[in-house]
Amino acid sequence: MEKVYDKKQLLSFYETMYRMRRFEEEVFEFYKKGLMPGLAHLYLGQEAVATGVCAALREEDYIGSTHRGHGHLVARGARLDKMMAEILGKVDGYSRGKGGSMHIMALDLGILGANGIVGGEIPIATGAAYTAKYLGTDQVAVSFFGESASNEGTFHESINMAAAWDLPIVYVVENNLYGISVDIRDVTKVSDIADRAIGYGIPGVIVDGMDVLAVHQAAEEAVKRARSGNGPTLLECKTYRWQGHHVGDPAEYRERKDPKEKETWMERCPLKLFREKMRKENITDKEIAKVEEAVEKEVQEAVQFAQDSPYPDVSEAFDHVFAD
Amino acid sequence: MREILYRDALREALDEEMERDDSVVMIGEDIGFIGGNFKVTVGLLEKYGDLRVKDSPISEAGIVGMGVGMALTGLRPIVELMFSDFLLVAADQVINQAAKIRYMSGGQAKVPMVIRTPIGGGRSSAAQHSQSMQAMVAHFPGLKVVVPSTAQEAKGLLKTAIRDDNPVIFLEHKMEYTNKFMIDDPVEPIPFGKARIAREGTDITIVATSSQVMKSEKAAKELEKDGISVEIIDLRTIVPMDRETIIESVKKTGRLLVVDEAHERCGIGAEIGAAVMDDVFYYLDAPIGRIATPNVPLPFSPALEFPIIPSPDKIVAKVKKMME
């Protein structure tokens, strides 16, 4: 039975996806202008996943994120201005310029951190789920990671323990097909990562990661299972990244098998698909435009904030090694 | 004062801290039903239950990572690694995650966790179960490194480690677990970064760690017969390091020998020598000496192992040479 959403909910999903989209486009602009130190791994194309999953969470829940983490952070309500300042290495960033794009943390929002090590955050999110179980709260943790992290040992070790102990966690695999340049299909026998769930005795669920409502419904089911003490789910979202591994990666490797691969996936843009869906639900272009305008204003303010923010004083390099 | 085994002193510290603070939770291989490979945690499962004294699968990266997640979400996890050699299996979670999260988050996060793990040779365990990892872990900013000597020291320092808001690598010498020591009642937490003068003397300063403190004491008794007065500094913690106590002692004695069981290359002796040189150079009557494990993997046969690890005989010989 298809879940019924009201107009406000639908517009809220769209707003979140559009916020990610515009944020990442501005990050890309900073890179192209040479204003961004280092690199960034853009979430463009995958917006429906974080949006759908995080909409199934409560404020007190936890998420663990990845090097491609901007979307997860936005979906959890992180401030765009502080994110953008962090990406530019400024003192007003979430981590005062010490973490950058790959390491944004907002503990007050339950964001345990983006993480520069592939698979590095999976046991950390699992530990947060252990805390919830130990304290007897009904909090749930979500661990986001890519298909290629599922070949790291931490994936196996963490899910095995979470399953054995029925920890309240949902493992969300964003299968965008590539670990940098390597096609998952060339290095992994199973074509669905969710198939691995059977080895842990937990449900493995596959969902269209371009369909925010499908993701949301699958996530709600998995979160409900976790919250009620029935343990983890491995939720695989089939998706695609518009850009290369990081900004500046031309990603020509994707044309080896199918020259039209990117084009085909881009036709299934999650925002485009969702706009069509909203129109069917009698949401007008004007209403959509209103949402977009508000987001645009927020994004522009974030860009300005980040540019205006000063760099940290060099003395700050010596702060925060240890807690007092 | 009463007599106690080193391992029982450790268990008392764990027990007292778990009684004092419900957020202290333990996880590790074989720590529950059998009370740990070295019997440090005997009885704690029965007393505190399965959720607080968790027997884990053999998943070192997984359990250290879970410890990080637990620490980020309000618990004070103690992770036991059966041998310090296994730190290398969990290295990413120890070094890239636990040590760096506070820094990379710009001070938002703290990671109050302890990794308890045994070091040292002497049991014919060969090269993968005999290493002394203090020099390696001390290299990475963000980790505190504790090398207790006696049972009294082990108990007092472990209590401090558990109450510390940072990741602490607590290195127990496996040859001490079944040794008897005299201990105070009660043992108060011993502050980090303050070395202990284990023996006062006037001719030479020995800075020693872990078991080497007791070995140096044996050597000092021998040297006393030859009229050589040895001052022994029990370093207690490598990070933070009490330079001042070392410097003051060397200014008095004019000689410094560092005795530590880690490998010599890039080891604790090299570090301490360089760290105090600016302050003691003009007071030295002999070059700074060091005794360490040579730069070979630990061999299996007792015929090979015992001759290469630091011993009272070696300390005596080295001191005599430095006194010439």
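Keep in mind that what you see is a predicted model, and the values were worked out from it rather than measured. Worth knowing before you read on, the calculation uses all heavy atoms, side chains too, and leaves out hydrogens, waters and symmetry mates. Proteins get letters first, then strands, A, B, ... in listed order; numbering begins at 1 in each.
Only the side chain of B:Val239 has a heavy atom closer than 4.5 Å to any heavy atom of chain A. Contact annotation for B:Asn96: only side-chain heavy atoms (C-beta onward) come within less than 4.5 Å of a heavy atom of chain A. Heavy-atom distances place no part of A:Ile111 under 4.5 Å from chain B, backbone and side chain included. Both the backbone and the side chain of B:Lys144 come within contact range of chain A, each with at least one heavy atom under 4.5 Å from a heavy atom of that chain. For B:Ile27, the part lying near chain A is the side chain, with the backbone staying farther off; criterion is any non-hydrogen pair under 4.5 Å. Interface residue A:Thr126: backbone and side-chain heavy atoms are both found under 4.5 Å from chain B. The contact between A:Ala317 and chain B is made by backbone and side chain atoms together, counting heavy-atom distances below 4.5 Å. Interface remark: B:Gln93 contributes side-chain atoms only to the contact with chain A (heavy atom separation under 4.5 Å). Proximity to chain A is limited to the side chain of B:Val25, based on heavy atoms less than 4.5 angstrom apart. In this structure, the portion of B:Asp50 lying under 4.5 Å from any heavy atom of chain A is its backbone and not its side chain.
Between B:Lys54 atom NZ and B:Arg52 atom CZ the span is 14.0 Å, to the nearest 0.5 Å. Rounding to the nearest 0.5 angstrom, the gap separating the CG atom in A:Asn160 from the OG atom in B:Ser59 is 6.0 Å. Taking CG from B:Leu157 and CZ from B:Phe170, the interatomic distance works out to 5.5 Å, rounded to the nearest 0.5 Å. Remark: A:Thr154 OG1 to B:Met66 CE distance equals 13.0 Å, nearest 0.5 Å.
Taking 4.0 Å as the cut-off between side-chain N and carboxylate O, B:Glu19 and B:Lys47 count as a salt-bridged pair. Between A:Asp319 and A:Arg96 no salt bridge is recorded (no basic side-chain N to carboxylate O distance below 4.0 Å). Salt-bridge formation is detected for the pair B:Asp279/B:Arg243: a Lys NZ or Arg NE/NH1/NH2 atom is positioned less than 4.0 Å from an Asp or Glu carboxylate oxygen.
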Go through the steps to decide whether A:Phe155 and A:Tyr171 satisfy the test side chain to side chain contact (heavy atoms under 4.5 Å, CB included), and finish with yes or no. CA-CA 9 Å; A:Phe155 168 91; A:Tyr171 295 100; 5.8 Å; no

When you look at A:Val170 and A:Val172, which way does the side chain to side chain contact (heavy atoms under 4.5 Å, CB included) test go after all the steps? CA-CA 6 Å; A:Val170 180; A:Val172 178; 3.9 Å; yes

Run the side chain to side chain contact (heavy atoms under 4.5 Å, CB included) test on A:Tyr94 and A:Met83 for me, step by step, so that the C-alpha distance in whole Å, both residues' side-chain angles and the decisive distance to 0.1 Å come before the verdict. CA-CA 6 Å; A:Tyr94 266 110; A:Met83 285 178 63; 3.8 Å; yes

Step by step, would you call B:Ile119 with B:Ser210 a side chain to side chain contact (heavy atoms under 4.5 Å, CB included)? CA-CA 9 Å; B:Ile119 56 169; B:Ser210 186; 3.8 Å; yes

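In terms of non-hydrogen atom pairs under 4.5 Å with chain B, the most contact-rich of A:Gly116, A:Gly97, A:Gly127 is A:Gly127. Chain B forms the most heavy-atom pairs under 4.5 Å with one residue out of A:Ala164, A:Gly120, A:Ala125, A:Gly99, and that residue is A:Gly120. With chain A as the partner, the residue from B:Ser105, B:Ala99, B:Ala61, B:Pro112 showing the most heavy-atom pairs under 4.5 Å is B:Ser105. By number of non-hydrogen pairs under 4.5 angstrom with chain A, the leading residue of B:Pro57, B:Ser56, B:Pro141 is B:Pro57. Options A:Ser95, A:Ala106, A:Gly93 differ in how many heavy-atom pairs under 4.5 Å they form with chain B, and the most are formed by A:Ser95. Highest contact tally toward chain B, considering only A:Glu121, A:His103, A:Met102, is held by A:His103 [criterion: heavy-atom pairs under 4.5 Å]. Ranking A:Asn115, A:Asp108, A:Ile122 against chain B, the residue ahead of the rest is A:Asn115, based on heavy-atom pairs under 4.5 Å.
Of the N and O atoms on the side chains of B:Gln131 and B:Ser84, not one donor lies less than 3.5 Å from an acceptor on the other residue. The closest side-chain donor-acceptor pair between B:Asp15 and B:Tyr48 falls under 3.5 angstrom. Between the side chains of A:Thr137 and A:Gln139, at least one donor N or O sits under 3.5 Å from an acceptor N or O. Checking A:Asn151 against A:Thr188 by side-chain atom types alone, a donor-acceptor pair falls below 3.5 Å.
When each of B:Glu188, B:Glu17, B:Glu16 is tested with B:Arg163 by the rule salt bridge (charged side-chain N to carboxylate O under 4.0 Å, His left out), just one qualifies, namely B:Glu17.
In this structure, A:Tyr43 has its ring center no closer than 6.0 Å to that of A:Phe144.
Ring-plane geometry between A:Tyr200 and A:His156 is classed as tilted, the angle between the planes lying from 30 to 60 degrees on a 0 to 90 degree scale.
Of all residues in residues 59-82 of chain A, those placing a non-hydrogen atom less than 4.5 angstrom from a non-hydrogen atom of chain B are A:Tyr62. Within residues 68-82 of chain B, the residues that have a heavy atom under 4.5 Å from a heavy atom of chain A are B:Val68, B:Gly69, B:Met70, B:Leu72, B:Thr73, B:Leu75, listed by number.
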